[in-house]
Amino acid sequence: MSLIHALQSALGENAVLTQQADRARYEQDWRGLVNNPSLAVILPKTTAQVAEAVKLCAAHGARIVPQGGNTGLVAGAVPILGPDQVILSFSRLRAVRDVDLLSDTITVEAGLTLATVQQEAVKANRFFPVSLAAEGTAEIGGVISTNAGGLQVLSYGNMRAQVLGLEVVLADGTIWHGLSGLRKDNTGYDLKQLFIGSEGTLGLVTAATLRLYPPVATRASALVGIENIEQGLGIFTSIRHAAGNALTLCEFCTQPALSLGAAHTPNGRLPFIAPAYLLLEISALEGARDPREMLETVLMEALEKGRVLDAAIAQSERERLDFLALREAISEGELREGGAVKHDIAVSLSRLPALVRAVEDLVARTYPSLRPNIFGHVGDGNLHVNIRPPAGQTMADIANHKAAITRDVESLAISMQGSFSAEHGIGQLRLLGMAAHKSQTDLALMRAVKQALDPEGRLNPGKTIPES
Ligand SMILES: Cc1cc2nc3c(=O)[nH]c(=O)nc-3n(C[C@H](O)[C@H](O)[C@H](O)COP(=O)(O)OP(=O)(O)OC[C@H]3O[C@@H](n4cnc5c(N)ncnc54)[C@H](O)[C@@H]3O)c2cc1C
């Protein structure tokens with residue numbers, strides 16, 4: 001029996017898409033940069049079906065490309081150019097398996113969207129903190145497999161910090177039952193950590209047990225106008241000292257970046273013009289000090305002392321969401337206006353001012369017609385340093401410079417002991433960076449882990465680890 005027939009008889013005919021028109025949306029990445037054909041797209045409904053599909057693919061020599069919401073920014077969820085790849089979509093594994101209020105955990109299947117997990121937490125009078133602009137489409141399996149960060153890492157940590165247990169289908173179709181909700185378990189290697197952030201190259205996440213937090217009672221947010229990143233870090237430090245972990249969001253946007261966000265938000269408007277902005281949010285539990293009062297006190301003093309240029313505190317929940325929408329629309333705006341050479345770099349906070357200056361100098365000196373679009377999670381030292389084509393042009397017009405720009409920007413971060421990919425992962429778009437910046441020891445260890453878990457290279461070929 002052919003692989004397609006075997007998959008159809010195991011999963012059902014409507015769970016195996018073979019027509020080009022049906023496969024198309026799964027074969028192209030979110031940024032529209034990579035589009036390679038697959039043999040088929042399969043849509044299993046259960047963990048047992050995922051395991052069966054993996055065994056069938058192995059028996060027929062086919063390789064598997066796991067796909068969640070396909071919102072990843074490094075083309076990790078779409079095939080490489082090459083034969084015999086089956087895209088396995090998790091979008092039909094959508095059950096909430098358990099909510100344990102005493103343990104503060106939720107157990108969900110991989111295909112549930114991040115936004116649905118947040119809503120399920122609210123229904124249970126709890127809070128799930130991982131939040132990013134693609135949360136309506138990104139799925140929990142994808143968010144785990146990329147160890148996504150997002151807007152509230154500052155206070156709650158990234159996805160790795162939320163995962164207490166995993167269920168994973170291994171490369172030979174064995175199901176690893178690791179769905180423990182334990183907070184403490186020092187019994188040998190913590191195997192789940194291998195799968196978090198490994199971009200589907202070591203195993204297929206089918207379900208996860210995640211931490212829940214007490215509900216947030218009130219939030220206050222402010223948009224603050226600043227002269228430069230140094231001023232931004234000054235105000236970040238003051239508010240962090242006043243609010244501690246209650247400071248849940250601190251985003252930095254240069255003026256061009258936030259203006260782009262405003263242009264792509266319905267009725268989007270910047271409340272004032274400044275060279276750069278910080279978006280701050282303080283969250284408070286029931287009975288905690290009023291977060292708005294905290295923001296007002298710190299910002300009033302900063303304004304009086306000339307440590308910020310201007311500030312607007314959201315006067316309503318609507319206004320708070322409007323501020324957030326400006327920030328969240330930036331990536332989409334970039335895509336709609338010709339794209340950008342994107343980077344996702346991180347350095348320690350003390351080196352951020354030097355990094356921003358070095359990027360601005362680099363562009364002014366070497367690529368003067370291009371437009372830097374800098375924004376990101378400043379509290380985590382993580383900036384998206386994106387370089388846009390000249391106005392009215394697209395990425396195709398600057399294709400010749402793309403590799404050199406990326407090499408130059410990544411090298412700046414590495415020269416400051418930073419990371420060239422802080423939260424988006426490697427996929428197939430950052431493999432050159434892996435080869436250039438990771439040590440031989442790092443790469444040898446990663447290859448040894450891959451060899452141990454997937455000796456035949458069946459899972460997500462051509463991603464994460466560059467060929468030796
Ligand atoms: C507008 C926008 C904003 C974003 N903002 C942020 C941000 O602030 N912070 C951040 O960290 N990221 C951000 N991202 C990127 C982020 O990585 C993804 O949105 C999300 O984490 C990926 O989820 P997904 O379900 O779409 O995964 P996909 O794109 O489908 O897959 C991502 C990777 O995980 C693998 N994978 C998917 N599901 C599974 C599974 N069940 N088992 C094993 N492997 C699997 C895929 O093979 C691929 O390698 C943003 C993306 C967009 C489009």
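Just follow the structure's listing: the first ligand is 1, and inside any ligand the first atom is 1.
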CG (Leu432) with more than 12 external heavy atoms under 6.0 Å: no
Heavy atom of the protein closest to atom 29 (O) of ligand 1 (residue, atom name, distance): Gly72 N, 2.8 Å
Salt-bridge criterion met for Arg94 and Glu109 (N-O under 4.0 Å): no
Atom 21 (O) of ligand 1: the protein heavy-atom neighbour that sits closest, reported with distance to 0.1 Å: Thr146 OG1, 2.9 Å
Option with minimal heavy-atom separation from atom 22 (C) of ligand 1, where the choices are Thr71, Asn70, Val65: Thr71
Protein residue, atom and distance nearest to atom 14 (N) of ligand 1, heavy-atom basis: Leu73 CD1, 4.0 Å
Close N or O approach (Gly150, ligand 1; < 3.5 Å): yes
Those atoms of ligand 1 less than 4.0 Å from some heavy atom in Glu139: 24 (P), 25 (O)
Pair Phe127 + Tyr156: ring centers closer than 6.0 Å: yes
Heavy atom of the protein closest to atom 46 (C) of ligand 1 (residue, atom name, distance): Pro66 O, 3.2 Å
side-chain hydrogen bond (donor to acceptor under 3.5 Å, both in side chains) assessment of Asn382 paired with Asp344: CA-CA 7 Å; Asn382 173 201; Asp344 168 34; 3.0 Å; yes
Contact (N/O only, under 3.5 Å) between Gly68 and ligand 1: yes
Qualifying side chain to side chain donor-acceptor pair (under 3.5 Å) pairs, either residue in residues 157-172, two or more places apart: Thr47-Glu167, Arg97-Glu167, Arg160-Gln193, Gln162-Tyr213, Glu167-Thr206, Asp172-Thr174
Short N or O distance, Ala134 and ligand 1, threshold 3.5 Å exclusive: no
His424 touching ligand 1 at heavy-atom level, < 4.0 angstrom: yes
Flag for Glu410-Thr406: side-chain donor and acceptor within less than 3.5 Å: no
Ligand-side contact atoms (ligand 1) for residue partner Gly200, heavy atom cut-off under 4.0 Å: 43 (C), 44 (N)
Leu182 atom CG, neighbour heavy-atom count above 12 within 6.0 Å: yes
Inter-residue atom distance Glu27.CD - Ile87.CD1, 0.5 Å rounding: 5.0 Å
Enclosure of Glu13 CD (heavy-atom neighbours >12, cutoff 6.0 Å): no
Closest to atom 45 (C) of ligand 1 (judged by heavy-atom distance), picking from Gly136, Ala77, Ser145: Ser145
Heavy atom of the protein closest to atom 7 (C) of ligand 1 (residue, atom name, distance): Glu423 OE2, 3.4 Å
Audit row: Glu334, His264, side-chain hydrogen bond (donor to acceptor under 3.5 Å, both in side chains) steps and yes/no: CA-CA 9 Å; Glu334 262 180 0; His264 290 271; over 6 Å; no
Atom 16 (C) of ligand 1 touched by protein heavy atom at under 4.0 Å: no
Candidate pair Gln417 and Arg351, rule side-chain hydrogen bond (donor to acceptor under 3.5 Å, both in side chains), full reasoning: CA-CA 9 Å; Gln417 283 77 52; Arg351 291 193 161 108; 3.0 Å; yes
Polar side-chain atom of Thr113 near backbone of Thr116 as donor-acceptor pair, under 3.5 Å: yes
Within-shell test, Met159 vs ligand 1, heavy atom, strictly < 4.0 Å: no
Closest candidate by heavy atom, reference atom 38 (N) of ligand 1, pool Gly76, Ala75, Ser131, Gly142: Gly142
N/O separation below 3.5 Å, Ala138 to ligand 1: no
Atoms of ligand 1, numbered as shown, that sit under 4.0 Å from any heavy atom of Leu204: 42 (N), 43 (C)
Ligand 1 versus His377: contacting region, heavy-atom distance under 4.0 Å: side chain
Closest protein heavy atom to atom 3 (C) of ligand 1, given as residue, atom name and distance to 0.1 Å: Ala133 CB, 3.7 Å
Proximity of Lys463 to ligand 1 by residue part, where a heavy atom lies under 4.0 Å: neither
Within 6.0 angstrom of Lys450 NZ, more than 12 heavy atoms from elsewhere: yes
Test of proximity, Gly149 against ligand 1: N or O pairs below 3.5 Å: yes
Best match, Thr201, Val153, Val205, Leu114: closest heavy atom to atom 41 (N) of ligand 1: Val205
Plane angle bin for His377 and His384 - parallel if under 30°, tilted between 30 and 60°, otherwise perpendicular: perpendicular
Proximal ligand 1 atoms for Gly203, defined as those under 4.0 Å from one of its heavy atoms: 43 (C)
Contact check, side chains of Ser221 and Leu249, non-hydrogen atoms, under 4.5 Å: no
N/O separation below 3.5 Å, Glu199 to ligand 1: yes
